[in-house]
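As structure tokens, the structure follows; a few thoughts come after it.
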Amino acid sequence: MRTMWKGAIGFGLVSVPVRLYAATQEHGVKLHQVHDADGGRIHLKRVCDVCSEEVDYEHIAKGYQDDEGHVAVVTKEEMAGLPLPSKRLIDVLAFVDADRIDPLQLSGAYYLAPESAAANKPYVLLRETLKQTERVAVTKIALRTRESLALLRVHDELLTLHTMYWPDEVRDSGDLAPPSSVTVRPQELKMATSLMDTLSEDFDLDALEDEYEVALAELISAHLEDRPAPRKETAPAPDNVIDLMAALQASIDRAAERGDTDEQKEEPAGRRPRGAAKKTAAKKSAAERKPTKAKAQSAEKKSAKRTTAKKSAAAGKTAAKTTKKTAARKSSRAS
């Protein structure tokens, strides 16, 4: 991984020498501008609109034009000589709770690694302090001749840096939100929550891919191999919502059907099919609520036995009483 920047994190009198690396990379098929008739590459030329001559890159400077048409030309040497307070320094301004940072302000992401073995100790100290306090650091850094606001936080075992937009660069949302008079019913919230739970079941973020780039690669491959280009239909986006509750229920049913289809596919060893845990729990719950037929028959047999036993005991008592009466009569006659 190529080092993009070398400097130090500074907070108080503590300095942590670090190296900066790009944490993300964009992927995709690179397309060029070509002539559609013969496939020839299209080249752009830098032409001056005053002298109409092509200008080499070494003679290109920066300029600013005001409303009256006056141009201020600024050379590369003048740009490089501008003072930058945070040059080669990630200057920590404050340590704040993470929820104070609006995600709208976050921009690029970078990894920060210790610059040398001597930097390991202060690096780990800063990392562990941020972890234990659950805070992030608001900093400033100069990248590519421009000073930027930045956020320093912990990711796994590394410190990461996120460049940020300045507060006045985030636009005011104005009146874009729906009016406060719009409300939703509790049952609608319940249905929407159920839909969220269904869609989130067994979700794997790492398994996602850019379907457009895959289709574009297949299209280019078909052209290079001189075979028919594949065509895939794209489902149109819904243009209206007629019945919110009906739409929520239909969405839940569709998600459930998709889950049942996934269950029929062969799963890797050791992995339970989607929805298996819920079905097992449902079966257990049903068994607890309603006795099975076998249990009902067993209960009936036990009840019959108890009834028979009661009848036998009653008959025994009656016979005993009769015997006693007969014996008493015989005794009376003998006397």
Side-chain angles (χ1 to χ4, degrees), residues 1-28 62 64 74 79-80 82-115 119 122-180 182 192 196 199-200 203 205-206 208-210 212-213:
M1 201 179 296
R2 185 175 64 88
T3 302
M4 293 185 56
W5 181 93
K6 288 198 299 184
I9 303 172
F11 62 105
L13 299 178
V14 180
S15 178
V16 187
V18 292
R19 293 173 180 263
L20 191 76
Y21 302 87
T24 59
Q25 59 181 1
E26 294 185 1
H27 63 81
K62 301 289 184 179
Y64 176 83
V74 182
M79 292 283 291
L82 292 176
L84 287 173
S86 56
K87 193 172 185 179
R88 297 298 171 193
L89 175 67
I90 301 174
D91 187 18
V92 175
L93 305 177
F95 295 95
V96 300
D97 295 334
D99 57 6
R100 286 189 57 186
I101 304 301
D102 188 345
L104 282 176
Q105 288 187 255
L106 300 182
S107 181
Y110 303 89
Y111 291 135
L112 287 173
E115 201 276 332
Y123 183 97
V124 172
L125 174 62
L126 177 57
R127 184 193 68 192
E128 294 305 309
T129 304
L130 289 174
K131 274 186 181 181
Q132 293 184 17
T133 59
E134 297 182 349
R135 293 183 178 181
V136 294
V138 178
T139 70
K140 288 200 299 184
I141 184 175
L143 292 174
R144 301 185 184 90
T145 71
R146 181 187 177 187
E147 189 173 53
S148 175
L149 197 62
L151 181 73
L152 187 66
R153 71 181 185 93
V154 179
H155 175 72
D156 293 335
E157 297 303 312
L158 271 181
L159 292 174
T160 58
L161 187 81
H162 296 264
T163 52
M164 301 172 62
Y165 296 105
W166 296 94
D168 60 355
E169 291 180 318
V170 178
R171 292 179 175 179
D172 183 6
S173 60
D175 57 354
L176 299 179
S180 58
V182 178
M196 289 181 182
L199 293 176
S200 303
F203 175 70
L205 182 62
D206 294 332
L208 299 181
E209 64 177 2
D210 189 339
Y212 176 84
E213 290 297 329

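Computed from a predicted structure; not experimentally measured. We count residues from 1, following the sequence as given.
Exactly one residue among Thr160, Val136, Leu112 makes a side chain to side chain contact (heavy atoms under 4.5 Å, CB included) with Leu152. That residue is Leu112. Of the residues Glu128, Glu134, Lys131, the one that meets the side chain to side chain contact (heavy atoms under 4.5 Å, CB included) test with Val154 is Lys131. Here the options are Leu151, Val18, Thr139, Ile9, the test is side chain to side chain contact (heavy atoms under 4.5 Å, CB included), and the partner is Leu161; only Thr139 passes.
Atom CD of Glu213 and atom CD of Glu26 lie 10.0 Å apart (nearest 0.5 Å). A distance of 11.0 Å separates CZ of Arg2 from OH of Tyr21, quoted to the nearest 0.5 Å. For the atom pair Leu106 CG and His162 NE2, the distance stands at 6.5 Å (nearest 0.5 Å). Atom CD1 of residue Ile101 and atom CE of residue Met164 lie 4.5 Å apart, to the nearest 0.5 angstrom. Note: Ser148 OG to Trp166 CH2 = 6.5 Å, rounded to the nearest 0.5 Å. Interatomic distance, Lys6 NZ to Leu20 CG, rounded to the nearest 0.5 Å: 12.5 Å.
No donor-acceptor pair under 3.5 Å is formed between the side chain of Glu115 and the backbone N or O of Arg19. Counting only distance, with no hydrogens or angles, the side chain of Asp156 and the backbone of Leu158 share no donor-acceptor pair below 3.5 Å.
Crowding of Met4 atom CE: a count of heavy atoms from other residues, nucleotides or ligands under 6.0 Å exceeding 12. The environment of Asp97 atom CG is dense: over 12 non-hydrogen atoms of other residues, nucleotides or ligands sit within 6.0 angstrom.
In this structure, Leu159 and Tyr123 approach most closely via the heavy-atom pair N-OH, 2.8 Å. Across all non-hydrogen atoms, the minimal contact from Ala142 to Trp5 is O-NE1, 3.5 Å. Among all heavy-atom pairs drawn from Glu157 and Arg127, the shortest one is O-NH1, 3.1 Å. For Tyr110 against Thr163, the heavy-atom pair with the smallest separation is CE1-CG2, 3.8 Å. Residues Val16 and Phe11 share a closest heavy-atom pair of CG2-CE2, 4.3 Å. For the pair Ile141 and Ala150, the tightest heavy-atom approach, listed with the atom from each and the gap, is CG2-CB, 4.0 Å.
Taking the six-membered ring for Trp and thresholds of 30 and 60 degrees, His155 and Tyr111 have nearly parallel ring planes, at less than 30 degrees apart.
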Query - Pair Val74-Met79, side chain to side chain contact (heavy atoms under 4.5 Å, CB included): steps then yes or no - result: CA-CA 7 Å; Val74 182; Met79 292 283 291; 3.7 Å; yes
Query raised in the report: Run the side chain to side chain contact (heavy atoms under 4.5 Å, CB included) check on Arg135 and Val96 step by step: do they pass?
Result: CA-CA 5 Å; Arg135 293 183 178 181; Val96 300; over 6 Å; no
Query - Verdict with reasoning, Phe95 to Thr129, per side chain to side chain contact (heavy atoms under 4.5 Å, CB included) - result: CA-CA 11 Å; Phe95 295 95; Thr129 304; over 6 Å; no
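Counting only heavy atoms from C-beta outward, the side chains of Leu149 and Gln105 approach each other to under 4.5 Å. A 4.5 Å side-chain heavy-atom check between Pro114 and Val124 finds every atom pair outside the cut-off.
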